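Given the structure is predicted, the values throughout are model-derived calculations rather than measurements.
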2 protein chains.
Amino acid sequence: MASLKDIANECGVSVATVSKVLNGHKEISGTTAQRVMATAKELGYMPNSAARALKTNRTYNLGVLFVDDTKSGLTHEYFSTVLDSFKVEAEKNGYDITFINHNIGSRNATYLEHCRYRCVDGVMIACVNFFDPQVIELVHSDIPVVTIDYTFDNHISVISDNVSGMQDLVQYVYSMGHRRVAFIHGENTSVTASRLTSYYKTCMELGISPPDDYVQAALYHDTRVTARCTKALISLPEPPTCILFPDDYSYIGGANVLREAGLRVPEDISVAGYDGIHILQALSPRLTTLKQDTDSLGRIAAQKLVELIEYPKITLPGTTIVKGSLLEGDTIMRIGE
Amino acid sequence: MASLKDIANECGVSVATVSKVLNGHKEISGTTAQRVMATAKELGYMPNSAARALKTNRTYNLGVLFVDDTKSGLTHEYFSTVLDSFKVEAEKNGYDITFINHNIGSRNATYLEHCRYRCVDGVMIACVNFFDPQVIELVHSDIPVVTIDYTFDNHISVISDNVSGMQDLVQYVYSMGHRRVAFIHGENTSVTASRLTSYYKTCMELGISPPDDYVQAALYHDTRVTARCTKALISLPEPPTCILFPDDYSYIGGANVLREAGLRVPEDISVAGYDGIHILQALSPRLTTLKQDTDSLGRIAAQKLVELIEYPKITLPGTTIVKGSLLEGDTIMRIGE
DNA sequence: TAAACTTGTGAAAACGTTTTAGAAGTTTTT
DNA sequence: AAAAACTTCTAAAACGTTTTCACAAGTTTA
């Protein structure tokens with residue numbers, strides 16, 4: 001690989017001159033600059049990112065921290081689409097991305113250590129256990145961090161608007177005439193808390209008060225538990241006319257139960273999901289759901305992180321809330337008087 | 001960040017000594033080694049990968065090249081699961097992964113240039129257009145490369161066994177009594193070629209010869225075109241009793257058509273997919289499909305790449321063929337005399 | 001007792017950059 | 001004509017490692 005020195009020799013100038021030309025410093029004469037650029041091209045010069053990083057302490061590498069035990073977020077459509085748009089935006093800004101884990105060579109390392117080892121300029125954190133001490137340590141280090149779907153005080157985060165999302169969903173099913181609206185929710189996270197609170201609040205505002213057994217605790221992305229909850233709901237003396245599922249995927253578990261029970265969707269029972277994943281919009285009847293704007297989530301996270309890295313002094317901590325949008329499918333039946 | 005020099009000063013030894021201790025060279029006395037290790041830990045020493053890379057020309061970074069226009073392979077379940085297992089295995093071996101694209105800073109670069117810039121030790125290539133000149137350039141460079149689902153002569157590749165996969169599928173539906181087996185295939189790639197050839201060959205061996213209009217050209221992952229093909233098939237004077245779809249996802253397009261036509265699966269018509277993606281195993285009726293072993297594909301690709309990097313002299317080019325497995329779901333009806 | 005190893009250590013060079021301070025030459029100002 | 005200011009360039013240091021070679025001291029062999 002051709003280096004600055006090779007170009008310098010070839011052109012009969014110093015390494016410093018070549019460096020300056022290639023970095024666009026204005027103090028080198030036009031003729032020299034021309035000559036240097038030409039030889040650089042001729043020699044197929046590529047800067048060496050390691051050398052540059054060593055000198056400047058900037059790698060133009062962003063760390064991405066996803067869960068890394070068992071199955072990673074990669075296999076989860078919501079997160080993989082967020083990651084995808086994060087990647088696109090990061091690359092547009094000249095940054096590459098590297099996954100953070102806890103291996104350095106054969107040795108075990110904390111996330112923070114791994115970030116330091118790789119000298120990442122910043123880290124995006126999503127889809128992890130935000131109470132993990134290693135995550136907390138990383139967040140409170142001097143490395144620029146942006147989190148998705150969780151906010152650390154005095155830091156930058158991007159979160160999907162679960163409050164308005166749930167509100168839209170409940171208001172919509174209400175407007176379709178539903179008064180007995182059940183909610184199967186996911187595991188105990190801040191996301192779930194937002195949705196659950198919003199569900200209760202919106203119901204109250206609309207003057208309906210769901211009985212306790214209309215609210216069932218399940219897990220995200222788990223068809224089995226959701227199936228069980230669905231069964232419980234339809235066996236109630238006064239079953240709901242509409243069920244809101246933890247997410248689109250787990251709805252599949254419920255759908256099977258409904259079919260087995262001889263209940264048609266939406267004629268006999270209405271349902272809605274959450275996420276807006278692709279395949280359920282292809283499947284008929286098209287699932288009514290709240291599509292999270294994964295595209296914006298990833299893109300904004302990347303923008304914020306780059307901003308924080310490049311203008312640390314003038315970047316304020318804060319949370320960007322990204323609204324989702326209601327996808328009106330065919331699974332909510334209009335009912336009522 | 002503490003450096004070797006800090007440790008050296010603290011211990012009153014030279015930088016060289018510290019380096020040797022930390023790299024486990026045997027020539028340093030036990031007592032010194034102990035002391036150095038203790039101070040290293042105390043100071044929270046982390047090696048600097050950039051400095052190390054600069055000196056050794058090894059980054060312990062693997063490039064991953066996925067399609068990077070519009071939507072990346074990240075959002076495609078088959079590839080994202082392959083990537084996931086690749087990542088896990090790479091990390092187990094002490095390598096991190098970095099996505100290859102064609103940006104270097106704000107400048108446009110070829111894939112090869114990007115790899116050189118980042119000094120990756122090797123590259124895994126999957127889910128790209130293998131006829132892209134930039135991909136070919138990269139493959140034929142001096143950078144170690146492993147490809148997935150495509151073989152370059154005299155290089156290392158890992159491919160899913162589409163021949164035996166298709167054979168298993170056809171033999172299975174035959175054994176269930178089907179003689180009129182249609183095949184909707186994906187776009188023109190080497191994967192499709194294998195499956196198509198295997199379909200014809202297996203049919204012939206079983207003594208059935210599908211008429212031309214039983215073979216329909218569609219696209220992978222596209223429900224619309226698949227829907228059209230499905231419609232065509234069921235409108236034939238003598239429609240098939242079983243349809244093999246390009247992949248599980250595109251089957252959804254067909255499923256909708258079948259339902260609208262009043263055909264029940266599997267009572268009125270049998271179907272099978274390809275891939276074994278998660279959600280279709282949750283949905284009832286469970287789709288009969290050929291599950292590709294994405295776990296092995298990614299893992300073996302990582303192993304081979306690491307081997308090629310670490311033992312270039314004794315690593316032979318060649319192709320590893322990874323068999324899939326038939327997932328017997330509920331969408332193939334037993335028929336016949 | 002000298003010669004030949006061993007063992008533990010360090011000095012120094014090298015990897016490819018960026019950057020600072022300043023030299024040399026040229027132009028402008030006084 | 002001298003001083004000041006600008007332009008163009010370079011030498012050298014630095015970033016944090018790894019590695020080669022040499023040296024000293026101790027140990028064995030002849």
Side-chain angles (χ1 to χ4, degrees), chain A residues 1-37 39-40 43-61 94 104-105 107 113 115-121, chain B residues 1-37 39-40 43-61 94 104-105 107 113 115-121:
Chain A
M1 278 282 71
S3 69
L4 290 186
K5 211 201 298 190
D6 300 323
I7 303 178
N9 288 340
E10 187 76 14
C11 292
V13 298
S14 77
V15 170
T17 304
V18 178
S19 173
K20 285 180 183 157
V21 170
L22 263 26
N23 287 316
H25 294 206
K26 295 271 70 174
E27 73 222 55
I28 305 295
S29 71
T31 49
T32 315
Q34 295 285 308
R35 201 147 42 91
V36 167
M37 308 248 267
T39 352
L43 264 47
Y45 172 76
M46 273 289 110
N48 179 312
S49 64
R52 184 177 276 179
L54 182 58
K55 193 63 189 135
T56 61
N57 253 318
R58 294 272 276 110
T59 55
Y60 285 90
N61 240 317
I104 295 183
R107 196 159 246 75
E113 288 172 338
C115 289
R116 290 216 196 286
Y117 172 61
R118 287 296 180 189
C119 313
V120 295
D121 294 338
Chain B
M1 277 282 73
S3 68
L4 290 187
K5 211 202 294 194
D6 299 323
I7 302 179
N9 288 342
E10 187 75 15
C11 291
V13 297
S14 75
V15 171
T17 303
V18 178
S19 172
K20 284 173 188 163
V21 170
L22 264 26
N23 287 315
H25 293 207
K26 295 272 69 171
E27 72 224 57
I28 306 294
S29 72
T31 49
T32 316
Q34 296 285 307
R35 200 148 42 91
V36 167
M37 308 247 267
T39 350
L43 265 47
Y45 171 76
M46 273 290 111
N48 179 311
S49 63
R52 185 177 275 179
L54 182 58
K55 193 62 190 134
T56 62
N57 253 317
R58 294 273 275 111
T59 55
Y60 285 90
N61 240 316
I104 294 183
R107 197 159 245 73
E113 286 172 339
C115 289
R116 289 216 196 287
Y117 172 61
R118 287 295 180 190
C119 313
V120 294
D121 294 337

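A distance-only check finds a donor-acceptor pair linking the side chain of T56(A) to the backbone of R52(A) [under 3.5 Å]. Side-chain N or O atoms of D6(B) include one that pairs as donor or acceptor with a backbone N or O of S3(B) at under 3.5 Å. Put simply, the side chain of T59(B) never gets that close to the backbone of A53(B): no donor and acceptor are under 3.5 Å apart.
Summarising the geometry, the separation between NZ on K26(A) and C1' on dC9(D) is reported as 16 Å, rounded to the nearest angstrom. One can place CE of M46(A) at 11 Å from P of dT17(C), the figure rounded to the nearest angstrom. The distance from atom CG of L4(B) to atom P of dA12(C) is 18 Å, rounded to the nearest whole Å. In this entry the distance linking CE of M1(A) with C1' of dT17(C) reads 15 Å, nearest Å. Here the C1' atom of nucleotide dG16(D) and the CZ atom of R116(A) are 16 Å apart, to the nearest Å. One can place NZ of K55(B) at 7 Å from P of dC15(C), the figure rounded to the nearest angstrom. With rounding to whole Å, I7(B) atom CD1 is found 12 Å from dG16(D) atom P. Per the geometry, CD belonging to E27(A) stands 16 Å off C1' belonging to dA5(D), to the nearest Å.
Among dT9(C), dC15(D), dT10(D), the nucleotide with an atom closest to any side-chain atom of S14(A) is dT10(D). Of the candidate nucleotides dG16(C), dT18(D), dT17(D), dG16(C) has the atom lying nearest to any side-chain atom of S3(A). The side chain of I28(B) approaches dT9(C) more closely than any other nucleotide in the set dG10(C), dT9(C), dT10(D). Picking from dC9(D), dG10(C), dT17(C) the nucleotide with the shortest atom distance to the side chain of T32(A) gives dC9(D).
Here OG1 of T17(B) is found 12.0 Å from CD1 of I7(B). Values are rounded to the nearest 0.5 Å.
At a threshold of 4.0 angstrom between heavy atoms, the contacts of G12(B) are confined to the sugar-phosphate backbone, with no base atom among them. In this structure, S19(B) reaches the bases: a heavy-atom distance under 4.0 Å links it to at least one base atom across the strands shown. Among the heavy atoms of the strands lying under 4.0 Å from N23(A) are primed sugar atoms or P, OP1, OP2 only; no base atom is included. Here V15(A) lies in heavy-atom contact (under 4.0 Å) with a base. Residue contacts shown for T17(A) include a base, since a base heavy atom lies under 4.0 Å away.
Considering every non-hydrogen atom in both L43(A) and A2(A), the closest pair reads O-CB, 3.7 Å. When all heavy atoms of S49(A) and Y117(B) are compared, the pair lying nearest together is OG-O, 2.7 Å.
At dT17(C), one or more side-chain N or O atoms of Y45(A) fall inside 4.0 Å of OP1 or OP2 (strictly under the cut-off).
One cannot find a donor-acceptor pair under 3.5 Å joining the base of dG8(C) and the side-chain atoms of K20(B).
Residues A16(B) and L54(B) each lie close to DNA chain D; by heavy-atom proximity, the contact nearer the 5' end of the strand is made by L54(B). Nearer the 5' end of DNA chain C, as judged by each residue's closest nucleotide, is the contact made by S29(B), out of S29(B) and A2(A). Both K5(A) and R52(A) lie near DNA chain C, and the one whose nearest nucleotide falls closer to the 5' end is K5(A).
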